[in-house]
Amino acid sequence: MAGHLDGWLVGWFAVAAWVVLWVAERRGFSVARLDGPFYWVVLATSAMHFGISYHLAYADARRTVRSRPIVLVVAPVALGIVLTIAIAVALSSGSDSRRGFTSALLTSVYLLTIWHYIKQAYGIARLGAAYANISLTISEVRILRYGLYPLWLMSVAKLLTRGRGFSFSGYRIGAEILPGEVLSVMRIIAILCAVLVAGVFAGLARRSGGWPPGLMLAPYVASFLWLGIPLTYSSAGLLLGVFHATQYIACAHRAEAAVARTQHEPANLRRWLEIFGGAVCGGLLLTTWAPQALNRAYVGGGEPLLFSAAFFVFLNLHHYMVDAVIWRSKGELVRAMVA
């Protein structure tokens, strides 16, 4: 991955897409019309980021599993058992119960994707600071680390506020739990945090005499646009996942290159095709082909998303467990990347 492309992969492409869609949607265009090849690009990119995370975590399975058996083995097995039992109960219940359970799973997927996005934005910014040899003060670290959380809470409030939420493939996303005032408070807090984050980047610009690197700035600009000023629920739900995946793949490429360098392995085209091609195939198997086959076999055409939603909930939670292991700031992988 060329260094000049880093900023675009981790945020500037998302910013450009937001601007283009902002103009297009005001002229009557809906992102829901993007199907066919575009739909498969979105699926493949999302699938690849799941697959590559498992490759990073389990490539040296014996050593990594021994070092983190609870997170890498016990927790995902327990999660799989819980979801399997919940699906069995839903299948034995009536149609309304199954639809309600599927809607709850889809709501969880939406919120988990946003959670991962903001956590990843901070991690990429720290990597960008390390690559550029930028020292951050304790207060700057705290602002960058927690400054995006109000965006997630605002998204939670949008889905759980009375009269809000949206529909996806006929399923209700969200629940009427919170009063409308909660969303207003979250918006005010998010604006204040945006001012604080902007102050951090302004301070870095003054100290260095130039703009902060794109690896630091782009993820935050994209986050405040897509989460703070979302275009529509459909565009955010469809595209935020692929932007998150693109960020992850960019970092994973650097991580795989660092692993190859430390193990004195050739980092040639064949290696990248094997790793990323395998990640796409494995990811598509878990995110698309397997759940679709189970939906057809056990649910039928009337309610086609039960297993798909359950698989994505499992993958999102397992993915977060895996990331907590492989992307530790003082872990071997991050140290090798910034060496």
With a 4.5 Å limit on heavy-atom distance, are the side chains of Leu136 and Met216 in contact? yes
Test Trp327 against Tyr248 for side-chain hydrogen bond (donor to acceptor under 3.5 Å, both in side chains), laying out the working first. CA-CA 11 Å; Trp327 299 112; Tyr248 197 95; 3.1 Å; yes
Do Leu285 and Tyr58 belong together in a cluster built from hydrophobic side chains that touch within less than 4.5 Å? yes
Say you draw a straight line from CD1 of Ile114 to CH2 of Trp152; how long is it, rounded to the nearest 0.5 Å? 9.0 Å
Do you see a donor-acceptor pair shorter than 3.5 Å between the side chains of His319 and Tyr54? no
Between Ala250 and Val10, what is the shortest heavy-atom contact and its length? CB-CG1, 4.3 Å
pair His253-Leu9: side-chain heavy atoms closer than 4.5 Å: no
Would you find a donor on one side and an acceptor on the other, under 3.5 Å apart, between the side chain of Ser97 and the backbone of Ser93? no
May I have the list of side-chain donor-acceptor pairs in residues 172-192 shorter than 3.5 Å, sequence neighbours left out?
{"residue": "Arg172", "atom": "NH1", "partner": "Arg164", "partner atom": "O", "Å": "2.9"}
{"residue": "Arg172", "atom": "NH2", "partner": "Arg164", "partner atom": "O", "Å": "3.0"}
{"residue": "Glu176", "atom": "OE2", "partner": "Gly163", "partner atom": "N", "Å": "3.3"}

Val109-Val82 co-clustered via ILVMFWY side chain contacts under 4.5 Å: no
Show, in sequence, the C-alpha distance, side-chain angles and deciding distance for Arg142 and Tyr146, and conclude whether the side-chain hydrogen bond (donor to acceptor under 3.5 Å, both in side chains) test is met. CA-CA 6 Å; Arg142 288 175 177 169; Tyr146 300 112; over 6 Å; no
Answer yes or no: is there a side-chain heavy-atom contact under 4.5 Å between Pro219 and Tyr122? no
Is there a side-chain contact between Met321 and Leu72, using heavy atoms and a 4.5 Å cut-off? no
May I have the step-by-step check of side chain to side chain contact (heavy atoms under 4.5 Å, CB included) for Thr287 and Ser46, ending in yes or no? CA-CA 9 Å; Thr287 61; Ser46 180; 5.5 Å; no
So Cys193 and Leu151, do their side chains get closer than 4.5 Å, heavy atoms only? no
Could Arg207 and Glu140 be called an ion pair, given the rule that one side-chain N must be under 4.0 Å from one carboxylate O? yes
Trp289 CH2: over 12 foreign heavy atoms closer than 6.0 Å: yes
Applying side chain to side chain contact (heavy atoms under 4.5 Å, CB included), run through Leu148 and Leu227 and close with a yes or a no. CA-CA 9 Å; Leu148 294 179; Leu227 299 177; over 6 Å; no
Atom of Phe276, atom of Met48 and distance for their closest heavy-atom approach: CD2-SD, 3.5 Å
Among Trp226, Trp8, Phe13, which one satisfies ring-ring contact (aromatic ring centres under 6.0 Å, His included) with Phe243? Trp226
Chi angles and distances behind the side chain to side chain contact (heavy atoms under 4.5 Å, CB included) call for Phe224, Ile229: CA-CA 7 Å; Phe224 279 107; Ile229 320 173; over 6 Å; no
Using side-chain heavy atoms (C-beta onward) and a distance below 4.5 Å, is Leu91 in contact with Leu306? yes
Search all heavy atoms of Phe314 against all heavy atoms of Gly80 and return the closest pair with its distance. CE1-N, 3.8 Å
When you check the side-chain N and O atoms of Gln247 and His49, is any donor under 3.5 Å from an acceptor? no
If Ile, Leu, Val, Met, Phe, Trp and Tyr residues are connected whenever their side-chain heavy atoms lie under 4.5 Å apart, and connections chain through other members, are Val73 and Leu79 in the same group? yes
What do you reckon, is CG of Leu273 surrounded by more than 12 foreign heavy atoms closer than 6.0 Å? yes
Less than 4.5 Å apart, any side-chain heavy atom of Val77 and any of Val74? no
Side-chain ion pair, Asp6 and Arg254, N-O less than 4.0 Å: yes
Here the pair of heavy atoms bringing Ala222 nearest to Ala14 is CB-CB, 3.9 Å
Side chain to side chain contact (heavy atoms under 4.5 Å, CB included), that's the test. Do Cys251 and Ile124 meet it? Break it down for me. CA-CA 8 Å; Cys251 295; Ile124 292 172; 3.7 Å; yes
How far apart are the closest heavy atoms of Ala310 and Ile87, and which atoms are they? CB-CD1, 3.5 Å
Atom pair CG (Leu106) and CG (Leu159), whose distance is rounded to the nearest 0.5 Å: 11.5 Å
Validation row: Leu56, Glu256 side chains within 4.5 angstrom (heavy atoms): yes
Spacing of Ser53 atom OG and Asp323 atom CG [to the nearest 0.5 Å]: 6.0 Å
Listing, residues 196-206 side-chain donor-acceptor contacts under 3.5 Å, not counting sequence neighbours, or none:
none

Would you give the length of the straight line joining atom CG of Leu305 to atom CD of Gln292, rounded to the nearest 0.5 angstrom? 9.5 Å
From CD (Gln120) to CD1 (Ile118), nearest 0.5 Å: 11.5 Å
Where does the angle between the aromatic ring planes of His244 and Tyr117 fall among parallel (under 30°), tilted (30 to 60°) and perpendicular (over 60°)? tilted
What heavy-atom pair brings Ser308 and Asn295 nearest, and what distance separates the two atoms? OG-ND2, 3.0 Å
Shared hydrophobic cluster, Val23 / Trp12 (ILVMFWY, side-chain heavy atoms < 4.5 Å): yes
Leu240-Val20 co-clustered via ILVMFWY side chain contacts under 4.5 Å: no
Taking the six-membered ring for Trp, are Trp115 and Tyr149 parallel (under 30°), tilted (30 to 60°) or perpendicular (over 60°)? perpendicular
Say you draw a straight line from OG of Ser329 to CZ of Arg335; how long is it, rounded to the nearest 0.5 Å? 10.0 Å
